[in-house]
Amino acid sequence: MVGRPRRSVYVPQEIEPKWQKIWAERGVMKANDASPKPKFYDLVMYPYPSGELHMGHARNYVMGDALARMKRMQGFEVLHPFGWDAFGLPAENAAMKHPGLHPLKWTLDNIVESKRDLKTMGILYDWDREVNSCLPDYYRWTQWLFLLMLERGLAYRAMAPVNWCPVDKTVLANEQVINGRCWRHPDVEVEKRDLEQWFLKITDYADRLLDDLATLEHWPQKVRVMQTNWIGRSTGAEVDFAVDGAPGESIRIYTTRPDTLFGATFMVLAPEHPLVERVTTDRQRETVRKYVEKARKETEIERLSTEREKTGVATGGFAINPVNGEKIPIWVADYVLMTYGTGAIMAVPAHDERDFEFARMHDLQVREVIAPPSGPQKMLREAYVGPGVMVNSGQFDGLDAAVAFDRICDWLEQRGIGKRSVKFRLRDWLISRQRYWGAPIPVVYCPNHGIVPVPVDQLPVELPPEYKPLSENPAWYETTCPLGDGPARRETDTLDTFIDSSWYFLRYASPHDDREPFDSELANRWMAVDQYTGGVEHAILHLLYSRFFTKVLHDAGMVEVTEPFVRMFNQGMVKRFGQVMAKSAGNGVSIAQLAGEQGADAGRVYEMFIGPPEEDVEWNESGLNGVVKFLQRVWRLVLEPESIVAEGGASATDASALRRKVAQTVGRVTEHYDELRFNTAVAFLMELANAMQDYLQGGGARDAEWESSVRVLVKLLNPLAPHVCEEMWERLGEKGLLADASWPSFDAAAAAEPKITLVMQVAGRLRDRAEVDAGLSEAEATAVALGSEKVRAALNGRGPSKVIYVRDRLINLVP
RNA sequence: GUCGGCGUGGCGGAAUGGCAGACGCGCCAGCCUUAGGAGCUGGUGCCCGAAAGGGCGUGGAGGUUCAAAUCCUCUCGCCGACACCA
C-alpha cells in the first residue's frame with residue numbers, strides 16, 4: 001500500500017502540554033456542589049508527598065482519572081479530589097539528615113514536584129479542593145475531631161504496656177506491629193514499655209465494624225476477610241473458678257468452649273496476672289518469681305513464636321472446677337496472654353491443641369469429654385476439636401456438644417458462677433506519638449483541674465516553628481490552664497497520622513470551611529465514596545480507622561452514611577527488573593522522561609493494557625512501543641484516512657459489519673471501564689481500530705457513517721488517552737471540549753449479529769461449524785447439523801439420542 | 001500451622017460451564033521504500049501428515065456434566081495475610 005504524504009504527525013510533546021493548559025483554564029474537573037446531575041465520588045487514596053513521581057505511582061491515579069473522565073461524559077457530577085497525607089516521619093528524617101531543613105519546607109517542596117508530575121500525566125483533579133493534613137487549617141479540625149472523641153467518651157488516657165519502636169522513638173498501634181516488628185522497619189523488633197498514652201475506644205464499635213462488613217458487597221473479599229479476622233469476634237463464656245483454700249478468692253476465665261468444662265484438668269494464668277502472687281505456695285514462690293521475670297524480659301517475637309515449646313511452672317495452688325468440684329492445679333505460662341480475655345484460662349487438653357501440647361510436656365491429666373462420631377477414643381494422640389457427643393460430663397452426658405454449649409451456659413448463669421460472653425481480638429487504638437511532625441494532641445495538664453481539653457475556639461494548637469521534640473520545648477508547652485489562670489503544661493505527644501487520614505474524604509466536601517471540619521449538608525451530598533482506589537497495604541489500618549470515624553461522626557449526627565466507601569479496589573503494583581518500582585530501588589520510570597519520549601498518553605494506555613488491574617505487572621519497553629504504534633494508527637485512521645488505500649483482497653467492506661462492531665465496542669468498553677477492567681477495554685479498542693482499518697483497506701466508503709464511527713472511537717479512547725483524543729476531536733472540527741462531550745450510548749439492536757457461527761459437536765467434541773442466521777430453533781439447528789458430512793461421519797449411523805442446543809452458540813448431538 | 005489468591009503458547013495475558021489462546025509483544029516469510037527502532041500483507045500452542053485431515057493440550061491425579069481453564073475432591077508449586085486471641 002502506498003502511503004500518500006502525511007499532512008499531520010502525532011507529536012505528543014506538543015499536544016499534551018497544550019491540552020493540560022486548556023483543561024486547567026476551563027476548570028474541567030471542578031465539582032459543582034449545586035449541580036442537579038447525579039453525583040459520582042471517585043477517590044484515590046491521598047498519598048504521602050514523596051516528591052518526584054514515577055510510573056509505579058501513576059497506575060491508580062490513571063485508573064481514577066479514566067473513571068472520572070468517563071463518568072463526567074456520562075452525565076455525572078464528578079468529585080475527583082486530591083490531597084496529601086503530609087504529616088509523618090520521612091519529613092523528620094530528612095530534617096535530621098539536613099540540619100536547617102524544616103519538615104514543612106521539605107514537605108511543601110515535595111508536593112510541588114508530585115503535583116507537577118500528576119499534571120504531566122494529564123490527571124485531572126479539582127485542585128480547589130486540595131487538602132494538606134500538615135497545615136493548620138486542616139489539623140485544626142483533626143484536633144477538633146479528637147476533642148469530639150473525648151467528649152463522647154471515646155478517647156481516654158491509660159497506662160499500658162505499649163509497643164515502642166526504638167528506631168522511630170515512638171509508640172505504635174497494634175495494627176502497626178507486624179510479627180512483633182515495626183511496620184516501617186521490618187528488621188526492628190518492637191519493645192514493650194509501660195507508658196501512659198491516649199487511646200481511642202474503637203472496641204466500642206467492634207460489633208458494628210464487623211457486622212457492617214457484610215453490607216460492603218463491592219469490596220474485595222480479601223479485605224473483608226482480613227478485617228473480619230482482625231476484629232476477631234468470638235463467643236463463649238466467662239466462668240469463675242474458686243481458689244482452693246482461699247475463701248472469697250476466685251479466678252475468672254474466658255472460654256469459647258464451655259461445653260468442655262468437665263474436661264478442664266488444670267488452669268493457666270498469664271505471667272502478668274494479678275492473682276499469680278496469691279495462689280503461689282511458699283514452696284513454689286522462687287520458681288514462679290523467676291519464671292515471671294524471664295517472661296517479662298522476653299521480646300514479643302520470642303513470646304509469640306508458635307514454633308517455640310510451651311514453657312510454664314506450677315504455682316502449687318489449686319482451683320475448684322465448679323461443675324464437678326474437682327481440685328485442679330494452677331500453672332503460670334506465657335502462652336496465655338494478659339491482653340486477651342481475662343488473662344486466665346481453664347485448660348482442656350483433650351480438646352485444645354495448645355493445652356494438649358502443654359499437658360504432654362508437663363505430664364498433666366488429659367480427660368476426653370467430647371467423643372467423636374466414631375465413639376470414645378482409647379488414647380488421645382492429639383486434641384480433638386471436632387463435633388461430637390458429651391462424655392464424662394455428669395448430667396450432660398449423651399448431649400450433642402453444640403447443644404451442651406447452651407445448656408452449660410444456662411447452668412452457669414442460673415448458679416451465678418458464669419455468663420455468656422463475647423470477646424474481640426481488636427484492641428483499642430493507641431494514638432499518641434512521641435514526635436514533632438504531627439498534630440499536637442489538644443489538651444493541657446493542669447495541677448488543679450487535671451486533664452483539660454483545649455477549648456475549640458482556641459484551635460488549632462499550632463506546632464512551634466522550631467523543629468525539635470515538643471517535650472524539649474518549654475517555651476511551647478508551658479501555658480496557662482484554660483479553666484483558670486494557673487500554669488499548665490501542654491500535651492507534648494502528637495496524634496497518629498492515621499487520624500489525619502481517617503476523615504480527609506469528608507473534608508473534600510467543603511475543604512475551606514472554617515467553622516467546622518466539614519459541612520454536613522455538603523458531606524451528605526457527596527458521600528459515600530462511589531469508588532475508592534488504593535493499595536492493599538491499607539486493607540486493615542486506614543480502612544478500618546476510616547470506617548470507625550465515619551460511624552462515630554454518624555452517631556454525632558454529622559453525616560448520614562455509616563460506611564464511607566461503597567466500592568473499594570486495590571490495584572496491583574508495577575514492577576521493573578523483578579522488583580516493585582521504587583525510588584529506593586532505583587528502577588522507577590520517570591514521568592518527565594516518559595512524557596518527553598513516548599508521551600503521557602502512551603504511558604497511560606500502556607499501564608492499563610499491561611495486565612489485570614488488581615495484579616502486579618512488569619513494566620516492559622517493547623509493550624510500551626506497541627501502544628505508541630496503536631495511538632499512531634488511531635491518529636492516522638481518524639485524521640488521515642485517505643492515506644489508507646484500498647487494496648482489495650480478502651478484507652470485508654461490509655458497512656453493516658463495521659456498524660455492529662462499533663456498537664458492540666461501545667457496550668463492551670463501557671462495561672469494562674465501569675468494572676475497572678482496563679486491560680480488556682484497551683484490547684476491544686484495538687479490535688475496533690483493526691476493524692476500521694480493514695474496512696478502509698477493503699474499499700469501504702468514508703461516508704457519514706464512517707465519520708460517526710471515528711467519533712465514537714475517539715470518545716471511547718478518551719478516558720485513557722485524553723490528550724491525543726482531545727486533539728483529534730479538535731482537528732475533526734468539533735466544537736467544544738471532548739472532555740465535555742457525551743458518552744456514546746449502547747444500542748443493543750445495532751450490536752446484534754444477524755449471522756452467527758453455529759458450533760456443531762458430536763458427543764461434546766467439535767466436528768464442524770456453519771454460518772447460520774441468528775435465532776434458529778432447535779429443530780432448524782438440528783437439521784443444519786445433520787446436514788453436515790463431518791457430523792454424519794462422526795455419528796457413524798448412530799442417530800442422536802439426545803440433542804443439546806444453546807441458541808446462537810452450539811449444538812451438541814449425543815449418539 | 002490456619003485462611004485466602006494464583007498456576008493457560010516463546011512472553012504479558014483473554015475466555016468464570018458452551019469454538020481455549022481475544023488483544024498486544026516477540027518471532028518467521030513476503031511487499032513497499034524516503035532504508036526505519038517506519039508502514040503494509042500473511043503466518044505463528046504441540047505432535048503426525050505433502051495435503052486434506054487427525055490426535056494432544058490450561059501445574060498433576062481423580063470426579064461431576066451432553067460439555068470443564070472455569071464446578072467438586074486430593075495433590076504439587078508460587079504469592080499474600082494472619083499466626084499461642086482460649
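Quick caveat: nothing in here was measured; it's all calculated off a predicted structure. Lettering of chains follows the sequences in order, A, B, ..., and the numbering in each one begins at 1. Computed over heavy atoms, backbone and side chain alike; hydrogens, waters and symmetry mates excluded.
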| Ring geometry between A:Tyr384 and A:His351 (parallel below 30°, tilted from 30 to 60°, perpendicular above 60°) | perpendicular

| request: Answer with base, sugar-phosphate or nothing: what part of the nucleic acid does A:Arg677 contact at a heavy-atom distance below 4.0 Å? | output: sugar-phosphate

| Distance test, side-chain N/O of A:Arg765 to OP1/OP2 of B:C56, below 4.0 Å | yes

| What nucleic acid atoms does A:Asn690 come within less than 4.0 Å of, heavy atoms only: base, sugar-phosphate, or nothing? | sugar-phosphate

| Rounded to the Å, how far apart are A:Phe424 CZ and B:C82 P? | 20 Å

| remark: Rounded to whole Å, the CE-C1' distance (A:Met361 to B:C84) equals 12 Å

| said: Within the 4.5 Å heavy-atom criterion, are A:Asn620 and A:Leu624 side-chain neighbours or not? | reply: no

| remark: Rounded to whole Å, the CZ-P distance (A:Arg576 to B:C11) equals 22 Å

| Looking only at heavy atoms, what is the nearest atom pair of A:Phe405 and A:Pro258, with distance? | CE1-CD, 3.4 Å

| request: Looking only at side-chain atoms of A:Ala683, point me to the closest of B:C84, B:A20, B:A22. | output: B:A22

| message | Nearest to the side chain of A:Gln693, heavy atoms from C-beta on, is which of B:C25, B:C23, B:U41? | response | B:U41

| Touch class at under 4.0 angstrom, heavy-atom based, for A:Thr339 against every strand present | nothing

| Aromatic rings A:His362 and A:Trp331: how do their planes relate, parallel, tilted or perpendicular, breaks at 30° and 60°? | tilted

| So what does A:Glu353 hit on the nucleic acid, given a heavy-atom distance under 4.0 Å: a base, only sugar-phosphate, or nothing? | nothing

| request: Between A:Phe609 and A:Asp616, name the one whose nearest nucleotide on RNA chain B is closer to the 5' end. | output: A:Asp616

| message | At 4.0 Å (heavy atoms only), tell me whether A:Asn679 reaches a base, stays on the sugar-phosphate, or touches nothing. | response | sugar-phosphate

| Phosphate OP1/OP2 of B:C3 contacted by A:Lys222 side-chain N/O (<4.0 Å) | no

| request: Could you check whether A:Arg425 gets within reach of a base, just the sugar-phosphate, or nothing at all, counting any heavy atom under 4.0 Å? | output: base

